[in-house]
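Heads up, the thing below is written out as structure tokens.
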Amino acid sequence: MRMENTIYTRSYGAPPWNRREILRYAGVKGDTSELDALLQSCLDEVEDKLVYRVCYREFAVTQHPAYFDLGFLKSASAGLKKNLSGCESIILFAATIGIEIDRLIARSATVSATKALLFQAIGAERIESLCDAFNCNITEQKAAEGLRTRPRFSAGYGDFPLEAQKDIFAVLDCSRRIGLTLNESLLMSPSKSVTAIIGVGR
Amino acid sequence: MKITDYLKDHILYLDGGMGTLLQEEGLLPGELPERWNMSHPDIITKIHRDYYDAGSHVVNTNTFGASSLKFSAEELDTIVRSAIANARAAACESCGQQPKWVALDIGPTGRMLKPYGDFDFEDAVSVFSETVRLGVKYGADLIMIETMNDSYETKAALLAAKENSDLPIFVSNAYGEDGKLMTGADPTAMVAMLEGMGADAVGINCSLGPRALRSVAEKYLQYASVPVLLKPNAGLPKAVNGRTVYDVLPREFSEEISDLICKGVRVAGGCCGTTPEYISATVKATIHAKPVKLDTKSITCVSSYTHAVIFGESPILIGERINPTGKKRFKEALRAHDMDYILKEGISQQEKGVHILDVNVGLPEINEADMLREAVCELQAIIDLPLQIDTSDPAAMEAALRRYNGKAMINSVNGKQESMDAVFPLAKKYGGLIVALTLDENGIPAKAEGRLAIARRILAEAEKYGIEKKDIIFDPLAMTISADKYAATETIRAVGLIKRELGCHTSLGISNVSFGLPSRDMVNGTFFALTLGQGLSAAIMNPYSQEMMKAYHSYRALMGLDENCAAYIDFAETAPQPTSPSALERNAAPSEKEYASELQRAIVKGLKEQAAQMTAGLLHTLAPLQIVQEQIIPALNIVGEGFEKKTVYLPQLLMSAEAAKSAFEVIKANMAEEKTGDKCTFVIATVEGDIHDIGKNIVKLILENYGFCVTDLGRDVSPDEIVACTVRLHAPIVGLSALMTTTVPAMEKTIRQLRREAPWCRIVVGGAVLNQEYADAIGADKYAKDAMETVRYAEEINKTLMESRI
């Protein structure tokens with residue numbers, strides 16, 4: 001089977017926790033002493049409830065004067081063109097930390113809005129950390145082949161339309177691989193999830 | 001021969017992968033494989049034939065994604081017809097001598113069901129139903145529901161299959177390496193739900209190789225009474241020299257499967273990456289294996305969307321607090337449609353350690369079916385305990401059972417013919433553990449023997465429906481000892497009799513026994529202990545009662561059910577001790593000069609419990625409104641101003657708001673007349689298509705703090721609903737929230753409709769994607785960047801309203 005036809009799935013252990021990032025997502029600056037105990041209890045509660053799953057697929061890409069052929073989608077986005085300049089292929093991936101964080105956010109919303117906000121922030125930090133961990137793996141793997149990776153780029157950035165999510169979901173089989181689905185309004189469920197493109201080139 | 005008959009004493013072989021083979025044949029990324037039934041019938045038929053030749057009894061039609069979500073009605077019809085024809089042709093052409101069947105393959109829709117996605121449960125049932133009806137029309141032999149990674153969607157598919165066909169149904173789920181479905185269900189939960197609903201075989205496919213799925217398969221074998229199915233992947237894909245190979249080869253695959261067949265797996269095949277070679281290796285390796293006899297497990301259990309609760313030696317606690325009987329505040333909450341109140345009762349009972357939640361929302365003046373369905377859906381969105389659905393209205397029971405994500409406890413049936421005629425068909429269709437009360441047309445027999453006789457009759461009637469003994473739990477009814485001094489002794493005897501004579505589990509509503517007595521807790525605890533001694537399996541009880549929890553934990557420790565008495569010690573150490581007044585004072589002592597009062601300090605610092613405690617204390621000396629005006633509102637203002645000046649951040653603002661809310665709750669409970677706020681009505685909603693509600697909830701909380709009567713319509717609310725509510729309440733302000741750019745059009749539509757039908761109302765909008773420019777473009781009156789700005793705006797409008805009234 002050709003490699004391009006294969007969707008790979010990876011599960012990770014918890015990436016390192018970044019408390020400062022969590023507080024930043026929660027909108028807190030400076031003194032956090034009043035929040036520390038509450039944040040810790042949220043972290044304890046969330047710890048064994050998350051999964052860290054990624055599915056991905058590699059596509060050869062070609063640049064045309066008017067558009068970029070991503071192998072699964074032709075895009076005229078200028079932002080994407082700039083990001084992928086000089087790339088021969090891309091890694092298209094989807095990542096999620098699972099549905100439990102959504103349940104925790106909803107559950108805490110009925111008893112404590114503060115906790116709901118903190119879980120929200122924890123979820124944001126976790127999914128970013130997962131993407132970083134995956135991205136780091138890919139960068140190392142490609143470096144071994146003498147290739148460099150570009151910063152990851154998602155649908156909805158700049159002029160790369162959110163509608164591209166439909167094409168991404170069509171080729172990544174996200175629901176089966178990692179339990180990630182796309183709603184009609186192009187929201188993802190579970191909500192703490194990311195899809196992105198990592199350009200690979202010399 | 002019917003496949004279910006063949007399965008009684010044979011091992012059944014399924015086929016292997018389809019998608020991976022189609023890719024080899026040139027299926028492009030993103031291309032829909034179901035269309036190949038028409039465009040490449042020769043290739044599809046050949047793959048099926050190769051599987052039959054390899055020894056498969058069953059092949060799945062190439063219809064994994066065939067649903068009305070992806071195809072028009074016409075094309076869907078053609079796909080299912082061609083797919084079944086292709087499989088039939090393969091069966092005719094194959095040289096295999098084994099009996100052959102064609103399974104209509106049904107995969108997941110790829111959409112997430114509500115509340116965490118936007119796909120409605122009944123819509124999912126309809127989508128699956130269409131495919132099932134076509135499968136029946138074109139002559140499939142059985143239905144294979146497979147690769148489902150969400151329990152709720154699995155239920156929708158199974159329900160659709162049962163409602164639209166009489167064909168045998170096999171149901172297979174995809175488990176992750178953590179041994180759970182993607183949405184959290186473990187094998188015991190799935191077996192409980194699927195067997196309860198009448199699946200003919202249950203099992204596991206896809207996601208991992210046979211070795212990684214071994215522990216999940218063993219769990220199925222331990223709990224399932226119906227045949228267990230196993231259809232793993234050929235391991236995981238790996239890139240080798242620019243090509244993809246799966247890391248488990250046919251030989252290893254067949255050895256693993258063979259071993260699990262010896263342990264009891266009765267239906268075997270392969271999923272992604274497996275080929276006819278894998279199937280033929282598996283058939284060869286197990287051709288002489290004797291099928292393990294199916295044994296009925298007789299496990300009494302219920303399940304939620306994550307786990308099963310099994311009735312056995314350790315007593316099961318069923319929280320009784322979600323019930324309006326005798327609770328003024330609860331009735332008010334029901335009338336006001338205050339779901340949060342019900343959810344909080346659920347969460348706090350779970351925190352107290354109950355295993356199941358009883359749910360009763362019956363009030364004469366509300367539509368019980370709607371309310372019960374909604375309560376069940378809301379509870380199961382955030383609480384992973386199994387539910388006991390408590391109603392005497394069969395329509396409400398069905399509405400709730402249909403939407404319940406698991407195997408529910410059904411409360412209740414009794415020995416009256418009318419009751420059994422109504423409840424047993426529902427239990428048969430949706431599954432469930434039925435609580436059966438030992439009373440009949442003649443009332444409750446005084447003697448235990450009379451109650452046993454009714455229990456026997458109930459069992460006999462249940463058998464007519466094919467409902468097994470294990471799915472009935474008897475409640476021999478606790479009666480008050482203040483009316484009859486032998487009331488308790490007969491109930492205690494009945495528990496023992498039913499257990500010994502019928503081998504059935506029992507459950508009791510404990511609290512009735514002490515009705516009319518002082519210090520009821522004391523009697524309840526002792527009665528509970530006595531019935532446990534007779535083998536009581538479960539109790540519907542108040543988990544806030546210390547005496548009940550003491551009896552429960554001591555019983556478990558005494559009966560050897562609590563390893564190292566760990567749970568008992570934990571309970572004893574955290575059980576609240578009677579607090580001395582001096583301790584309370586010490587807590588409240590250090591007063592900081594900068595605050596006008598202790599309550600004010602508690603609110604500013606966000607101390608929830610203290611705020612409530614101090615409010616209760618102040619109510620002895622001050623009028624409720626005085627506390628609100630002089631203490632709570634000024635405290636909120638301190639925090640609100642701090643937030644606006646950026647010396648206080650959102651989490652701190654919220655902590656204070658919560659503390660203020662807990663103070664309000666205390667005041668509310670003490671006020672004679674219920675009045676939620678003294679300011680005007682504020683209708684709030686997240687617009688259609690958007691399921692984010694944290695921002696909306698924050699605004700709601702702060703508005704409530706400031707005395708506005710907030711009507712929260714929730715998230716993903718249609719323009720019609722928002723308009724209807726605004727008109728009905730003649731609300732002067734509407735707040736709309738949206739997080740996604742894709743849902744801003746829904747906001748705009750809502751505003752247009754509001755302008756037309758509720759021209760008096762002012763509209764404030766907020767949310768991550770909005771800004772002043774957007775807000776102007778869609779015609780909102782106000783863009784508020786945060787909760788405080790919304791409050792300020794609402795206060796302006798309220799003020800104008802008040803002035804115009806004078």
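In what follows, chains are A, B, ... by sequence order, proteins preceding strands, each numbered from 1. In this text the structure is predicted, and so the values were computed from the model without any measurement.
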Is any side-chain N of the basic residue among Lys696(B) and Asp712(B) closer than 4.0 Å to the acidic one's carboxylate O?
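Yes.
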Just by distance, with hydrogens left out, do [X] and [Y] show a side-chain donor and acceptor under 3.5 Å apart?
X         : Y         : result
Asp36(A)  : Gln40(A)  : no
Asn205(B) : Thr147(B) : yes
Tyr12(A)  : Asn137(A) : yes
Thr110(A) : Asp340(B) : no
Ser304(B) : Thr306(B) : yes
Ser129(A) : Glu125(A) : yes

Check: Phe59(A) ring centroid to Phe72(A) ring centroid under 6.0 Å
yes
Report which part of [X] has an atom under 4.5 Å of a heavy atom belonging to chain A: side chain, backbone, both, or neither.
X         : answer
Gln350(B) : side chain
Ala174(B) : neither
Asp118(B) : both
Leu32(B)  : neither
Asp150(B) : neither

In terms of heavy-atom pairs under 4.5 Å with chain A, which of [options] leads?
options                                    : result
Lys344(B), Lys661(B), Met655(B)            : Met655(B)
Leu181(B), Leu701(B), Thr183(B)            : Thr183(B)
Gly30(B), Cys206(B), Gly117(B)             : Gly117(B)
Lys700(B), Gln652(B), Met112(B), Lys238(B) : Met112(B)
Arg111(B), Lys608(B), Lys180(B), Glu658(B) : Glu658(B)

Tell me, side chain or backbone of [X] under 4.5 Å from chain B's heavy atoms, or both, or neither?
X         : answer
Leu187(A) : both
Ser11(A)  : side chain
Arg177(A) : backbone
Glu184(A) : both

Hey, which of [options] has the most heavy atom pairs under 4.5 Å with chain B?
options                                    : value
Ala116(A), Ser108(A), Gly179(A)            : Gly179(A)
Thr114(A), Leu172(A), Ile105(A)            : Thr114(A)
Ala106(A), Gly156(A), Gly98(A)             : Ala106(A)
Leu118(A), Ile178(A), Leu104(A), Leu182(A) : Ile178(A)

Just how far is it from atom CD of Gln63(A) to atom CG of Asp69(A), taken to the nearest 0.5 Å?
11.0 Å
Salt bridge (Lys or Arg N to Asp or Glu O under 4.0 Å) with Glu688(B): which residues, sequence neighbours excluded?
none
Within residues 144-153 of chain A, which residues come under 4.5 Å of chain B, heavy atom to heavy atom?
none
Spell out, as yes or no, whether a donor-acceptor pair under 3.5 Å connects the side chain of Ser172(B) to the backbone of Glu146(B).
no
Is a side-chain N or O of Thr20(B) found less than 3.5 angstrom from the main chain of Gly17(B), in a donor-acceptor match?
no
Decide side chain to side chain contact (heavy atoms under 4.5 Å, CB included) for Asn173(B) and Thr154(B); before the verdict, give the C-alpha distance in whole Å, the side-chain angles of both, and the deciding distance to 0.1 Å.
CA-CA 8 Å; Asn173(B) 288 103; Thr154(B) 315; 3.1 Å; yes
Mind listing the side-chain donor-acceptor pairs of residues 190-202 of chain A below 3.5 Å, one per line with the distance, residues two or more places apart or on another chain?
unit_1	atom_1	unit_2	atom_2	d
Ser191(A)	OG	Asp102(A)	OD1	2.5
Ser193(A)	OG	Thr96(A)	OG1	2.9
Ser193(A)	OG	Pro190(A)	O	2.8
Thr195(A)	OG1	Gln165(A)	OE1	2.7

Among residues two or more places apart or on two chains, list those pairs meeting ring pair (Phe, Tyr, Trp, His ring centres under 6.0 Å) that have a residue in residues 93-134 of chain A.
Tyr56(A)-Phe134(A), Phe93(A)-Phe134(A)
